[in-house]
Each structure stands twice: as C-alpha cells, then as structure tokens.
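Here is the naming used below: chain letters follow the sequence lines, and residue numbers restart at 1 for every chain. Here the structure is a predicted model, which means the values were calculated and not measured.
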There are 2 protein chains.
Amino acid sequence: MAYHAGVDAEATLEPALQKRGHRLTRPRRLVWDALRSADRHLTAEQVAARVHEVDPDVNLASVYRSLALFAELDLARESHLGVDNASRWEPAHPDDHFHLVCRSCGEVQHHAGDLVEQLRVQLRTRQGFDADAIDLVVSGHCDRCAEAQP
Amino acid sequence: MAYHAGVDAEATLEPALQKRGHRLTRPRRLVWDALRSADRHLTAEQVAARVHEVDPDVNLASVYRSLALFAELDLARESHLGVDNASRWEPAHPDDHFHLVCRSCGEVQHHAGDLVEQLRVQLRTRQGFDADAIDLVVSGHCDRCAEAQP
DNA sequence: GCCAGTATCGCGAGTCGTTCGCAATTTATA
DNA sequence: TATAAATTGCGAACGACTCGCGATACTGGC
Ligand SMILES: [Mn+2]
Ligand SMILES: [Mn+2]
Ligand SMILES: [Zn+2]
Ligand SMILES: [Zn+2]
C-alpha cells in the first residue's frame with residue numbers, strides 16, 4: 001500500500017494552514033511529506049535532503065521556515081536529542097511522550113505514558129509552577145546494548 | 001564572611017584535576033572561582049566576563065575548554081535551558097535535580113526530589129533502558145507570574 | 001480563467017555559540 | 001633548574017540557523 005504523499009498533505013496540512021491564514025505552497029507541502037514519510041527524527045538538513053530528491057530547487061531557508069511554522073501550528077515537534085546541537089523534527093503526536101537516546105547504537109525510543117502528566121501535576125501542587133512545555137531527554141543504553149555490554 | 005576564592009579552588013579543584021593527570025592552571029582556577037561564586041546559571045560568555053574582572057587576558061577559548069573539562073570530571077554541569085541556544089553552567093550538585101524556567105520573568109528554579117530516580121527505575125523495569133543522564137527542562141510560569149496573569 | 005495584492009520564496013550574507021590548529025607559554029616533575 | 005609535556009592565546013573556521021531583499025507564486029474576487 002503505497003504512501004500517497006500529496007493527498008495526505010492536502011488532507012491534514014492544508015486546513016491547518018488555511019485556518020490561520022497561511023498558504024499551501026510547494027516547499028511546505030514537500031517538507032510536510034518528508035516529515036510524514038520518515039520513520040525517525042530528522043534534522044532540517046535531512047529534511048532538505050529528502051525534499052531535494054523531489055525538487056532540488058527548494059531552499060534550505062524555506063525548510064527551516066516551514067518547520068518553524070509547523071511547530072507553531074502544532075503540526076510538528078522539535079527536540080534536542082543531545083547527539084549534536086542540531087534540532088530534530090517529527091510530526092506532532094497527540095500524546096505526551098519523551099525520548100530515550102541510546103549512547104551506543106544511537107537509536108531513539110519513544111516513551112509514552114502518564115509520567116509527563118504526573119510531573120505536571122506534581123509541579124503545580126508542590127511548587128505552584130504552571131508547566132507549559134516539558135522537554136525530557138534521557139540518554140543511556142537501550143535493552144539490546146545494555147545486555148551486550150553490562 | 002567573604003568568599004575566599006583561591007583557597008576553595010585549591011581545596012576541591014586541585015585534587016580532582018590531579019587525580020586524572022590534569023594541571024591546575026590560572027585560567028582553570030579563575031573559571032572555577034567564577035562558577036562557584038555565582039548564584040545562578042552562567043553562559044560561557046558570562047563566565048568569561050567574571051573571569052576578566054580578575055584577569056582580562058584569559059581567552060574565551062580557554063573558558064570553554066575549562067568548562068568542558070569540569071563537566072568531564074563531574075565538577076560542573078551543562079544545561080540547555082531553552083532561553084537561547086547557549087549552554088548554561090553551574091557547579092555540579094550531588095543530588096539529581098532539574099530546572100523550571102519561567103517564560104515571563106526568566107527565573108530558573110531547581111526541583112530536587114525523587115522524581116528523576118523514579119523515572120530511572122521505571123525505564124529500567126518497564127523498558128530495559130539503562131538511563132545515564134536525564135535532561136529535564138520544564139518551561140512555564142512560576143508561582144509569582146502565574147497568579148499575576150492567570 | 002485572469003488579475004491584483006500580498007504571502008512566501010530563493011538567494012547570499014550575516015549571526016551566534018562554539019571549536020580548531022598551531023606556535024608560544026606555563027606547569028609538574030626529576 | 002632543566003626538561004618534556006600539557007595548556008594557553010590567538011585568529012580563523014565551523015555548524016546551525018536567521019535575515020533582508022527583490023523576485024515569484026498563491027489565493028480570493030471578478
Ligand atoms: Mn519522538
Ligand atoms: Mn541547576
Ligand atoms: Zn542501543
Ligand atoms: Zn516568573
């Protein structure tokens with residue numbers, strides 16, 4: 001079952017853009033398709049590389065601008081995974097989740113659960129702090145790498 | 001009760017350096033004093049500014065090198081607080097703690113507690129992930145700013 | 001469909017925080 | 001104090017973005 005990029009882009013991207021008075025342009029559609037069809041977090045540079053397979057004339061600055069816009073519209077999420085100082089991007093999930101980065105193999109696992117929500121509650125009741133964004137990155141060793149080198 | 005920088009530096013810094021075959025140099029001593037005497041997180045640039053009050057000839061590159069070395073020796077801790085893309089530095093605490101950054105006033109609160117340890121246990125038992133560093137930065141509104149603008 | 005008006009683009013240059021290579025200096029040890 | 005190696009200062013380079021601007025291409029109304 002082939003992934004039909006264009007159709008999907010129009011289905012979710014276009015209304016989100018229009019609702020806020022933004023236009024659906026070729027660079028935005030291609031950036032969105034690149035993000036959606038990726039199975040992992042991508043740097044802006046990596047997004048650009050995928051976009052360029054389809055259209056080499058899309059500028060890197062436009063990729064950055066598109067990603068920033070998507071974040072603003074809650075279509076995409078930016079994370080600092082600590083591998084280098086480049087941001088990584090992924091389509092936004094509805095659920096709170098955070099990232100487990102393996103120091104050996106580089107794999108990035110997702111951890112979804114109530115933990116982020118628990119934390120939010122704890123901060124509010126115990127410290128009066130109204131948490132907005134919770135950026136949690138855990139680095140360590142994944143199950144496979146941990147048992148290989150204990 | 002004045003803070004006697006030199007003495008303190010030699011008391012904790014020198015043995016930590018010597019144990020690993022590093023030398024106690026003037027730039028390192030001044031960077032360490034600047035960190036220790038600060039009451040808040042500092043950027044490398046801010047550390048340099050404080051160092052330069054004592055000795056303007058210490059180079060910014062040496063400040064960066066000293067901070068990186070201190071992190072390696074677990075004498076200092078680097079955090080990305082999301083205010084800008086500059087790293088912030090503080091002397092290493094023995095206890096796990098994380099940071100609450102207020103979007104209104106910029107204040108950085110510390111949150112120490114069992115939460116980080118809880119998380120570590122949960123990741124190990126539920127996912128087999130051996131957590132090394134847990135980088136948690138929460139941005140939102142502190143108690144003062146939250147009640148001012150609810 | 002076409003036009004007007006403006007949002008967006010491509011481009012090149014600029015910024016920021018950080019790192020590098022290397023010759024000169026400083027440090028710990030003998 | 002002499003020696004050898006670690007470390008420094010310096011300036012240039014780096015990577016990841018961001019900006020200003022004139023050119024382009026969307027979109028909504030005709
Ligand atoms: Mn993710
Ligand atoms: Mn802290
Ligand atoms: Zn692994
Ligand atoms: Zn505040």
Length of the CG-C1' vector between A:N85 and D:dT18, whole Å | 16 Å
Side chain to side chain contact (heavy atoms under 4.5 Å, CB included) between A:E72 and A:R20: does it pass, once the steps are laid out?
-> CA-CA 11 Å; A:E72 210 178 292; A:R20 304 268 299 264; 4.0 Å; yes
Give the rounded distance in Å between these two atoms: CG of B:L30 and P of D:dT8.
-> 11 Å
Euclidean distance, atom CG of residue B:L60 to atom C1' of D:dT7 [Å, nearest integer] = 16 Å
For side chain to side chain donor-acceptor pair (under 3.5 Å), just list the numbers for A:H99 and A:Q109, CA-CA rounded to whole Å, side-chain angles, deciding distance to a tenth of an Å, and then say yes or no.
-> CA-CA 6 Å; A:H99 298 123; A:Q109 292 182 46; over 6 Å; no
Heavy atoms only: give me the nearest B:V101-B:L81 pair and the separation to one decimal.
-> CG2-O, 3.8 Å
Using a heavy-atom cut-off of under 4.0 Å over every strand shown, decide if B:A61 touches base, sugar-phosphate, or nothing.
-> base
Euclidean distance, atom NE2 of residue A:H80 to atom C1' of D:dC17 [Å, nearest integer] | 11 Å
Quick one: is A:Y64 getting a side-chain N or O under 4.0 Å of the D:dC17 phosphate, OP1 or OP2?
-> yes
Let me know, please, whether B:A68 or A:S62 comes out on the 5' side of the other along DNA chain C by nearest nucleotide.
-> A:S62
For B:T43, which contact category applies under a 4.0 Å heavy-atom criterion: base, sugar-phosphate, or nothing?
-> nothing
Between CG of A:N59 and P of D:dG22 the distance, given in whole Å, is 17 Å
Determine the contact category for B:R65: base if any of its heavy atoms lies under 4.0 Å from a base atom, sugar-phosphate if only primed atoms, P, OP1 or OP2 are that close, otherwise nothing.
-> base
Minimum heavy-atom distance between A:L73 and A:A16, given as atom pair plus value = CD1-O, 4.1 Å
Considering non-hydrogen atoms only, spot the tightest contact between A:H141 and A:S104 and give its length.
-> ND1-OG, 2.9 Å
Please check if the side chain of A:R88 supplies one atom and the backbone of A:S79 the other of a donor-acceptor pair under 3.5 Å.
-> no
Check the distance between D:dA23's C1' and A:D57's CG and give it to me in whole angstrom.
-> 14 Å
Distance-minimising heavy-atom pair for B:L13 and B:W32 | CD2-CB, 3.6 Å
What string of B, S and - do you get for nucleotides 25-30 of chain D, 5' to 3', when a contact is any protein heavy atom under 4.0 Å?
-> BBS---
Please check if the side chain of B:S62 supplies one atom and the backbone of B:V58 the other of a donor-acceptor pair under 3.5 Å.
-> no
Members sharing A:F98's hydrophobic cluster (side chains within less than 4.5 Å) | A:L100, A:L115, A:V116, A:L119, A:L123, A:F129, A:I134, A:L136, A:V138, B:F98, B:L100, B:L115, B:V116, B:L119, B:L123, B:F129, B:I134, B:L136, B:V138
Segment of DNA chain C, first to last nucleotide, that comes within the 4.0 Å heavy-atom reach of chain B | C:dG17 to C:dA28
